[in-house]
Amino acid sequence: MRGVKKTKFPHYLCNTAIIIVLTLSVTFNPLLTWEVNSAEKPKNNTTLKEQTNHVSESTELKQHHPLLNDDSNNEPFGVWIYTNYNDLETYTPVKITFIQFIYTLFHPYYSIPYSLDVDNDGNDDVHGNIHLYLTSFSSPGFSPGMKISLDTEVKENIDTQAELTLALDVHIPAFLSGGYISLKTGYYSPQNEIIPKKITTGFSFTFDFLTNNKRMFQLDIVPQLQEAGNLTGLFSYSTFTSTGTKKINKTFLVDFAPATELHITTIPKQLKVHYEFGESSGVKTKIRFQTIEGTQTKMMHSFTINPLPAYMSFDLTLLGEHTFLYESDTSYDITYTMESTQNNTIVKLELTGLPTRVKADWGLNVKILPLSASAYVDLNMSDNLDKVALYFNNSKKPFMEIKDFPKRLYLKGYIDSHLKGYITAYKYSGAPTQLTTVFSLSKWEVTGVLTVKDGYLSVTWGIPFKGSKHAILGFDTNDKEMLGLDVQVYDTENNTEILKVGFDAVATQDLTLSWDVNGLGNITNLRWSGRITKLLNLKISVYYNSNYFDITGSWILGENGSLVVQLNKKVDFTLANITSDNFKLQGHLSLYSDRKLKIEWRLGETGFFTVYTFGKPVGEQLNVEFGYGQKQNNTHRYGFKLLATDFLNVTRTIQWDTENGFVPRIWILGDKPLPNGWTAKLLWNYKWYEVMK
């Protein structure tokens with residue numbers, strides 16, 4: 001839709017024009033019976049006043065529905081000028097001959113002039129011209145159509161701080177039903193706002209007699225922009241039966257603060273929309289849309305755009321390739337709000353640093369036999385979206401906030417009738433993406449922060465369902481530190497942090513948990529494969545009985561690795577029997593309060609493992625076994641065992657080197673020998689070596 005141009009009806013298409021004229025002649029046949037009357041202003045204004053129908057309407061209704069009354073001009077064909085100024089409403093008919101009408105169709109620069117006395121003081125206050133002509137849209141291909149526009153110039157002899165509504169009302173017969181269609185275009189200038197002296201409003205539409213798949217519409221609002229002021233564009237569509245009964249009534253109100261030039265071109269069936277803002281680009285603007293169906297005002301949708309771009313276009317394809325394409329000439333910030341008629345903000349969405357191009361592809365495949373569904377979404381943007389913030393129900397805190405939303409994101413998922421499935425994701429933004437969510441439940445406020453780095457991850461699952469007793473859960477990041485997490489539960493009544501759990505990063509490699517559930521609901525055959533290769537800066541804090549229980553730790557597993565545990569309470573800590581074909585970690589720690597333990601290792605031809613207790617006895621018991629490498633005869637290739645029944649203050653490094661696959665030398669580094677009750681063993685090339693004290 002970018003670059004849509006509207007051109008005048010070309011002279012070389014005379015045959016097409018003749019067909020259109022003949023069609024219009026049949027459709028607009030009632031015009032032939034009209035009294036011939038010039039649209040020019042009468043000398044004494046008497047005829048104009050006689051032609052004017054005054055309409056009364058309650059003040060409350062007019063404030064919200066300025067274009068709902070059609071009772072005063074119930075005619076199947078015609079053109080009227082509707083005005084409302086300081087509670088004085090009028091419908092002024094515009095009458096032309098059939099020859100004038102045909103001439104107007106083929107001469108875009110010919111117009112029907114009008115003059116109006118909107119304040120009923122005997123002096124004309126508003127002058128303008130009405131254009132009604134054949135036109136065409138040149139993109140995506142030639143499409144003949146019609147344009148209706150209203151030029152308005154407001155004179156300075158009326159109070160420009162008063163409320164003014166002015167619109168063009170066009171009735172077109174519905175050839176098949178015998179009724180007619182009412183189309184309105186105009187504007188509303190609120191009270192205590194400066195009325196732009198010159199305004200052009202209008203709409204265009206293509207005929208497309210054979211199909212409406214490519215039917216195009218264009219709406220235009222072009223105010224004089226030299227003076228600041230707000231403006232509301234009015235566009236209305238109504239259908240009537242042959243007896244004049246209203247069937248459908250939809251009114252669209254578009255508020256601009258300040259008054260803004262706007263051109264909207266759309267192909268509804270193809271879900272394509274193109275916006276151009278002309279000379280209004282570059283300023284901060286608030287645009288609010290309201291829809292009125294019948295006498296009911298629907299939700300109001302507002303967009304605050306800073307700065308307003310020169311153009312933006314949206315192209316949504318639902319059939320075939322399933323794509324969405326957005327383009328704009330510049331990046332900007334936008335705040336979207338959805339409000340009720342009571343002016344309550346139900347939804348508020350803030351987007352900061354919107355990319356200039358967004359392309360999304362997606363697909364969905366559903367199979368019946370056997371029942372399953374798969375889908376994917378492929379998002380490709382010109383740049384990261386700086387920030388997304390979502391609010392509900394006038395909340396001051398965002399329910400969800402995303403920083404550095406990735407410019408490249410791919411998601412794919414699958415699920416079957418047995419509730420087995422997977423989700424895979426690929427992300428690239430050049431920076432960590434941070435997602436924050438806050439929600440309240442009674443007196444509890446829960447805050448979660450998820451940090452996602454660039455890379456790939458996969459989640460697989462299967463749960464007991466329809467007779468199956470087996471469950472599986474898998475998580476894989478290709479051994480890359482992709483995810484960080486921070487969750488906090490806060491007691492708002494007592495102003496206390498109850499729970500805090502978080503870690504800076506986690507990396508896994510083919511991590512899979514599987515288990516069976518028996519008939520009593522008990523878990524059996526729990527198995528672990530793969531591994532968590534990194535868990536950095538784990539923090540757990542629990543508030544209970546006026547005391548905090550804290551756990552901090554990190555581990556990096558592999559040929560080079562470490563394990564750190566720190567507690568503020570005395571505790572017995574069991575390392576679960578984590579085992580696979582390539583990895584094993586198990587043991588038990590009985591630690592004193594306010595102590596810290598670190599174990600560090602490097603497994604190689606020259607390697608070591610070191611135990612740190614940081615100058616204090618750390619506990620009563622230490623029993624840790626670590627294994628690494630492909631198993632043979634149920635034994636890993638490398639590893640160590642540490643056993644201490646008298647877990648005193650110690651800092652010791654056990655170091656070794658190798659010759660021809662054997663360990664001829666082991667050193668114990670430190671100023672003191674190992675205390676009594678300590679046992680240390682080294683596993684090298686499937687053979688255990690005992691470290692002597």
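As the structure is a prediction and not an experimental result, all values here were calculated from the model.
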Where do [X] and [Y] come nearest, in terms of heavy atoms and distance?
X      : Y      : value
Pro223 : Thr260 : CD-O, 3.6 Å
Gly233 : Ile221 : CA-CD1, 3.6 Å
Ala259 : Leu231 : CB-CB, 3.8 Å
His470 : Trp515 : ND1-O, 3.4 Å
Pro309 : Asp329 : CB-OD1, 3.2 Å
Leu385 : Pro355 : CG-CD, 4.0 Å

* Residue pairs passing the ring pair (Phe, Tyr, Trp, His ring centres under 6.0 Å) test where at least one lies in residues 473-512, sequence neighbours excluded -> none
* Asked: What's the verdict on side-chain contact (heavy atoms from CB on, under 4.5 Å) for Lys250 and Ser238, showing C-alpha distance, side-chain angles and the deciding distance?
  -> CA-CA 6 Å; Lys250 292 186 178 181; Ser238 303; over 6 Å; no
* Asked: Is atom NZ of Lys539 surrounded by more than 12 heavy atoms (other residues, nucleotides or ligands) closer than 6.0 Å?
  -> yes
* **Within 6.0 Å of NZ in Lys247, more than 12 heavy atoms from elsewhere** => no
Measure the shortest side-chain to side-chain distance between [X] and [Y] over non-hydrogen atoms and say whether it is less than 4.5 angstrom.
X      : Y      : result
Tyr391 : Lys396 : no
Thr335 : Lys348 : yes
Ile532 : Gln509 : no
Val487 : Thr447 : no

* Flag the pair Phe314 / Tyr326 as yes when their ring centroid distance falls below 6.0 Å, and as no otherwise. => yes
Under 3.5 Å: donor-acceptor pair, side chain of [X], backbone of [Y]:
X      : Y      : value
Thr337 : Thr345 : no
Asp315 : Leu325 : no
Glu261 : Glu279 : yes
Ser382 : Thr356 : yes
Thr352 : Asp333 : no
Ser514 : Ile472 : no
Thr477 : Thr508 : yes
Asn478 : Lys480 : no

[X]: partners by side-chain hydrogen bond (donor to acceptor under 3.5 Å, both in side chains), with sequence neighbours left out:
X      : result
Tyr336 : His301
Ser395 : none
Glu481 : Lys534
Asn306 : none

Taking only residues two or more places apart in sequence, or in another chain, which ones meet [X] in a salt bridge (Lys or Arg N to Asp or Glu O under 4.0 Å)?
X      : value
Lys598 : Glu600
Lys284 : none
Lys500 : none

* **Trace of the side-chain contact (heavy atoms from CB on, under 4.5 Å) decision for Val446 with Gln488** => CA-CA 6 Å; Val446 182; Gln488 173 185 290; over 6 Å; no
* Stepwise, does the side-chain contact (heavy atoms from CB on, under 4.5 Å) test hold for Val347 with Phe392? -> CA-CA 5 Å; Val347 176; Phe392 291 120; 4.0 Å; yes
Once rounded to the nearest 0.5 Å, what's the spacing between atom [atom1] of [X] and atom [atom2] of [Y]?
X      : Y      : atom1 : atom2 : result
Tyr332 : Ser328 : OH    : OG    : 5.0 Å
Phe252 : Lys184 : CZ    : NZ    : 12.5 Å
Arg357 : Ser313 : CZ    : OG    : 10.0 Å
Thr185 : Phe235 : OG1   : CZ    : 4.5 Å
His274 : Ile267 : NE2   : CD1   : 11.5 Å
Leu513 : Leu473 : CG    : CG    : 6.0 Å

For [X] and [Y], test the side chains for any donor-to-acceptor distance below 3.5 angstrom and give the result as yes or no.
X      : Y      : value
Glu163 : Tyr188 : yes
Gln218 : Asp220 : yes
Asp491 : Thr496 : no

Going by atom type alone, with no hydrogens or angles, which donor-acceptor pairs under 3.5 Å involve a side-chain atom of residues 362-374 and a protein atom two or more places apart or on another chain?
none

Do any side-chain atoms of residues 399-412 form donor-acceptor pairs under 3.5 angstrom with protein atoms, and if so which ones, sequence neighbours left out?
from, atom 1, to, atom 2, distance (Å)
Arg408, NH1, Asp378, OD1, 2.4
Arg408, NH1, Leu379, O, 3.4

* Structure fact -> Sorted by chain and residue number, the ring pair (Phe, Tyr, Trp, His ring centres under 6.0 Å) partners of Tyr422 (sequence neighbours excluded) come out as Tyr414
* To do: Let me see the working for Glu445 and Lys397 under salt bridge (Lys or Arg N to Asp or Glu O under 4.0 Å), right down to the final yes or no.
  => CA-CA 12 Å; Glu445 182 180 83; Lys397 291 183 178 180; 3.6 Å; yes
* To do: With sequence neighbours excluded, give me every side chain to side chain donor-acceptor pair (under 3.5 Å) pair touching residues 448-465.
  => Lys427-Asp454, Ser429-Asp454
* To do: Could you check Leu234 against Thr165 for side-chain contact (heavy atoms from CB on, under 4.5 Å), going step by step and ending with a plain yes or no?
  => CA-CA 9 Å; Leu234 304 173; Thr165 300; 3.6 Å; yes
